[in-house]
Amino acid sequence: MPYTKGKGIRDLYLIKVARVGTKHEVCLDADDNDIRLVFELKFIGQLFEDYKPFKLQIWHTFTDTTLRAILSM
């Protein structure tokens with residue numbers, strides 16, 4: 001579920017592929033050594049009509065949250 005800064009969460013995606021890539025793949029003048037995680041996504045569906053605020057765990061890159069917990073918000 002991607003988080004949109006300042007808005008929250010709304011849509012559900014399936015991660016088809018997760019790999020290591022570089023920012024240079026998107027921005028040609030970027031450094032080749034700027035390593036990033038790259039995700040290939042498949043749109044599953046829209047969960048909410050509007051964005052729902054979601055508290056991010058700033059010190060955790062990924063937060064393990066169940067869909068049940070999000071839908072009960």
Side-chain angles (χ1 to χ4, degrees):
M1 221 172 288
Y3 173 83
T4 304
K5 186 176 181 179
K7 292 184 177 183
I9 57 175
R10 184 186 72 177
D11 302 327
L12 183 63
Y13 289 81
L14 172 69
I15 298 174
K16 293 173 67 174
V17 175
R19 63 182 176 81
V20 176
T22 66
K23 187 175 179 182
H24 183 76
E25 294 176 41
V26 177
C27 186
L28 297 180
D29 60 343
D31 184 3
D32 278 337
N33 295 321
D34 190 355
I35 306 258
R36 307 285 173 107
L37 281 177
V38 179
F39 298 99
E40 293 180 25
L41 305 174
K42 177 182 177 185
F43 179 73
I44 300 297
Q46 184 174 324
L47 292 177
F48 308 111
E49 188 65 33
D50 200 8
Y51 286 90
K52 284 199 176 267
F54 189 77
K55 182 172 174 27
L56 292 179
Q57 303 285 334
I58 193 68
W59 300 112
H60 300 282
T61 303
F62 299 98
T63 302
D64 186 16
T65 306
T66 64
L67 194 52
R68 179 181 308 228
I70 290 172
L71 292 174
S72 68
M73 290 174 36

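Below, each value reflects all heavy atoms present in this structure, side chains not excepted, and no hydrogens, waters or symmetry copies.
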- Item | side-chain hydrogen bond (donor to acceptor under 3.5 Å, both in side chains) partners of residues 37-51, not counting sequence neighbours, each pair once | none

- Message: Applying a strict under-4.5 Å side-chain criterion to I, L, V, M, F, W and Y, I'd like to know whether L37 and L41 cluster together.
- Response: yes

- Item | side-chain hydrogen bond (donor to acceptor under 3.5 Å, both in side chains) partners of E25, counting only residues at least two apart | R19

- Task: Write out all pairs satisfying salt bridge (Lys or Arg N to Asp or Glu O under 4.0 Å) with one or both partners inside residues 28-38, taking only residues at least two apart or from two chains.
- Result: D34-R36

Donor-acceptor pairs are to be reported for all side-chain atoms of residues 8-18 against protein atoms at under 3.5 Å, with residues two or more places apart or in another chain.
none

- Item | Considering all heavy atoms, the nearest H24-A30 contact | ND1-O, 3.2 Å

- Please tell me if the side chains of I35 and V20 come closer than 4.5 Å, counting only heavy atoms from C-beta onward. yes

